[in-house]
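Encoded as structure tokens, the structure appears first; notes follow it.
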Amino acid sequence: MKIRAEEEEAVASEAPREGKRLTPDSVQKVADLRFVSSVKGQKSKVSSSPRSSVTGPHCRTLSGNQVWRSPAVTCMQVGDPAHLRAMLRPLRLLLSGLQTQPSRCCSSFVSRMRYVNRLKEDDEACAAALKDGSIFLFHRLSPLLRCTDVGTFSPAALTCSDVQSVLQRLGSDGSPLKEAVLIGCSEQNQAQFCLDVGELDQAAVEEASQGSFIDLRKAFFLLPAAEAPLVSKGQALLRWHQSTRFCGASGQPAQRNRAGSQRFCSSSSTVYYPKMSAVAVALVSDGKRCLLGRQPSFPRGLYSALAGFCDMGETLEEALCREVAEEVGLEIQSISYSSSQHWPFPHSSFMLGCHALVSPAHTQLCVDRSELEDARWFTVDEITRALQVKAPPRRGDPPILWLPPKHALANRLIREWVEQQRKSEGGA
Ligand SMILES: NC(=O)C1=CN([C@@H]2O[C@H](COP(=O)(O)OP(=O)(O)OC[C@H]3O[C@@H](n4cnc5c(N)ncnc54)[C@H](O)[C@@H]3O)[C@@H](O)[C@H]2O)C=CC1
């Protein structure tokens with residue numbers, strides 16, 4: 001693509017350089033300028049009409065915060081037979097945009113994702129973004145939470161200067177800030193980082209930052225569903241850095257990039273990226289009942305969907321069929337994918353959730369007691385009652401069924417199954 005001199009200048013003026021901060025907006029402006037240039041380039045190849053000129057990209061909001069951008073609008077002289085067509089073009093584009101994927105999308109979501117991607121690649125831009133960003137503190141992998149006015153909990157988002165003053169107050173020179181790891185970008189276009197201050201006294205940091213470090217197992221379930229993934233991602237990245245300081249090939253220290261999205265060993269030229277283990281989780285049904293199992297380590301009364309780590313080289317379907325065969329001795333007939341989740345316990349897993357069907361003629365369980373303490377079929381009424389239970393059963397309480405918490409993918413699969421059963425009962 002050929003960009004003319006003044007456009008190159010315009011692109012350069014928006015492109016990040018020394019002393020100029022990279023923001024989601026500047027990333028978008030550069031993309032816009034390049035886009036206009038590319039349309040001009042394409043136009044001159046297709047048509048050389050002197051009456052046509054490109055004025056710039058055209059935005060319109062279709063829904064929510066999604067802003068779909070149509071190709072650049074071409075201006076025509078009034079009186080030109082093409083004038084009417086040109087005037088109707090925005091309407092045609094809007095209508096076609098409702099039916100098909102537009103050719104280009106520059107929603108604020110896209111800008112944020114591109115911005116985060118740039119920060120991962122550009123150490124200087126990332127260091128600058130940290131100064132304006134928000135930082136989530138952890139102490140030995142426990143996130144800092146604050147209690148809100150309405151009694152709920154929220155991860156404490158500190159500014160860089162807040163963290164600097166906390167560090168200074170505790171006699172630190174501020175160098176721990178270099179260990180901050182990029183986790184994303186907020187909807188307010190602020191880069192988000194996490195930082196473990198485990199070297200400092202926990203109570204002193206809590207006092208200085210007006211929050212409490214809470215173990216992730218507890219924190220995860222105290223937080224609203226929208227905020228729990230943020231702390232779980234932060235913890236997963238910090239844990240990965242703490243356990244991947246050295247190269248497995250050379251034994252030499254592996255250096256991290258500024259964003260903390262990778263580590264590199266210059267001795268063996270190996271790049272390391274954060275890792276997750278793939279786990280298949282399935283809610284097995286025979287069409288009328290669903291199958292749940294429990295491990296001896298589960299809290300009293302808790303039953304969950306069957307799950308297992310994917311073996312190297314296995315597909316999701318193969319892993320599910322193997323796990324169900326191993327754990328309860330059943331053969332799966334069909335699988336439908338539901339959704340996925342990052343699960344931080346005990347270490348990062350990438351959970352892939354499915355619904356699985358077995359033949360109603362072959363539902364006899366043969367439980368492998370080395371894997372599961374128990375597995376049972378439950379009716380939709382039993383599950384519906386269990387979904388109403390608000391607190392786990394205490395010692396001495398009569399035995400009741402207790403289901404995984406709402407943040408867990410297994411809970412989602414169970415709710416989806418109940419909904420599906422109710423629908424088919426209604427349809428029957
Ligand atoms: N979010 C959710 O809704 C659910 C999450 N889970 C999670 O899924 C994971 C797997 O579940 P289970 O198999 O029941 O757990 P598990 O912890 O009982 O693991 C079973 C066996 O897999 C092996 N293993 C452990 N880590 C591994 C790894 N990284 N890669 C390969 N093999 C490994 C070990 O031999 C272990 O004994 C657990 O981390 C569990 O917390 C399980 C069910 C629901």
Side-chain angles (χ1 to χ4, degrees), residues 133-159 162-163 166-167 170 176 179-187 190-243 260 274-277 279 281 297-300 302 304 307 339-351 353 389-392 394 402-412:
S134 46
I135 303 175
F136 296 91
L137 291 186
F138 286 73
H139 192 276
R140 305 205 175 145
L141 299 176
S142 294
L144 182 74
L145 304 192
R146 279 188 188 144
C147 191
T148 64
D149 297 342
V150 286
T152 57
F153 284 88
S154 193
L158 279 73
T159 63
D162 284 342
V163 175
V166 168
L167 294 174
L170 300 179
E179 299 296 316
V181 174
L182 179 70
I183 34 179
C185 176
S186 71
E187 287 188 9
Q190 227 184 1
Q192 296 166 310
F193 295 83
C194 55
L195 174 67
D196 198 309
V197 290
E199 302 291 303
L200 303 176
D201 179 65
Q202 178 176 338
V205 183
E206 286 178 335
E207 200 193 326
S209 56
Q210 297 169 346
S212 308
F213 290 108
I214 296 180
D215 179 76
L216 188 68
R217 274 194 187 270
K218 208 167 156 201
F220 196 74
F221 302 110
L222 280 176
L223 291 171
E227 290 180 331
L230 190 75
V231 290
S232 105
K233 181 176 178 181
Q235 197 223 42
L237 283 166
L238 292 169
R239 184 194 291 279
W240 179 75
H241 279 286
Q242 289 172 13
S243 58
K275 269 198 295 201
M276 310 189 271
S277 302
V279 175
V281 50
S297 58
F298 282 10
R300 278 164 56 80
L302 179 71
S304 183
S339 43
S340 64
Q341 165 181 63
H342 170 246
W343 189 245
F345 313 114
H347 302 302
S348 279
S349 293
F350 178 48
M351 310 289 310
V389 177
K390 295 279 177 272
R394 296 204 192 141
W402 172 243
L403 297 174
K406 63 180 191 310
H407 290 355
L409 184 52
N411 182 290
R412 180 184 177 138

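All residue numbers refer to positions in the sequence shown, counting from 1. Just the heavy atoms: all of them, side chains too, but no hydrogens, waters or symmetry mates, feed the values below.
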*asked:* Determine whether a donor-acceptor pair (N or O, by modelled atom type, separation under 3.5 Å) exists between the side chain of H139 and the backbone of L200.
replied: yes
*So do the side chains of V197 and V163 get within less than 4.5 Å of each other, counting heavy atoms only?*
no
*Residues two or more places apart in sequence or in another chain: which of them pass side-chain hydrogen bond (donor to acceptor under 3.5 Å, both in side chains) with E199?*
none
_Test item: C194 and F138 side chains (from C-beta on) under 4.5 Å apart, heavy atoms_ = yes
*For the atom pair CZ (R412) and OG (S340), what is the distance rounded to the nearest 0.5 Å?*
8.5 Å
*Is there side-chain contact between I183 and L237, with heavy atoms separated by less than 4.5 Å?*
yes
*Who are the side-chain hydrogen bond (donor to acceptor under 3.5 Å, both in side chains) partners of H241, not counting sequence neighbours?*
R263
*Taking side chain as C-beta onward, heavy atoms only, is I214 less than 4.5 Å from P143?*
no
*May I ask you to decide if H407's main-chain N or O and Q341's side chain share a donor-acceptor pair within less than 3.5 Å?*
yes
*Is there a donor-acceptor pair under 3.5 Å between the side chain of R140 and the backbone N or O of G198?*
yes
*Is a side-chain N or O of S209 found less than 3.5 angstrom from the main chain of V205, in a donor-acceptor match?*
yes
*Would you check if E227 and S154 make a side-chain contact, meaning some heavy-atom pair closer than 4.5 Å?*
yes
*Taking side chain to side chain contact (heavy atoms under 4.5 Å, CB included) as the test, write out the residues that go with H342, two or more places apart.*
S232, A236, M276, P344, S348
*asked:* Treating H347 as the side-chain partner and R239 as the backbone partner, does any N or O pair qualify as donor plus acceptor under 3.5 Å?
replied: no
_Heavy-atom count check: over 12 atoms from other residues, nucleotides or ligands less than 6.0 Å from Q242 CD?_
yes
_Distance (rounded to the nearest 0.5 Å) between S277 OG and F350 CZ_ = 12.0 Å
*Side-chain heavy-atom pair W402, V389 within 4.5 angstrom cut-off*: yes
_N/O donor-acceptor pair under 3.5 Å between Q210 side chain and R146 backbone_ = no
*Residue pair L216 / L141, side-chain heavy-atom distance below 4.5 Å*: no
*Using a 4.5 Å cut-off on heavy atoms from C-beta on, say whether the side chain of W343 contacts that of F220.*
yes
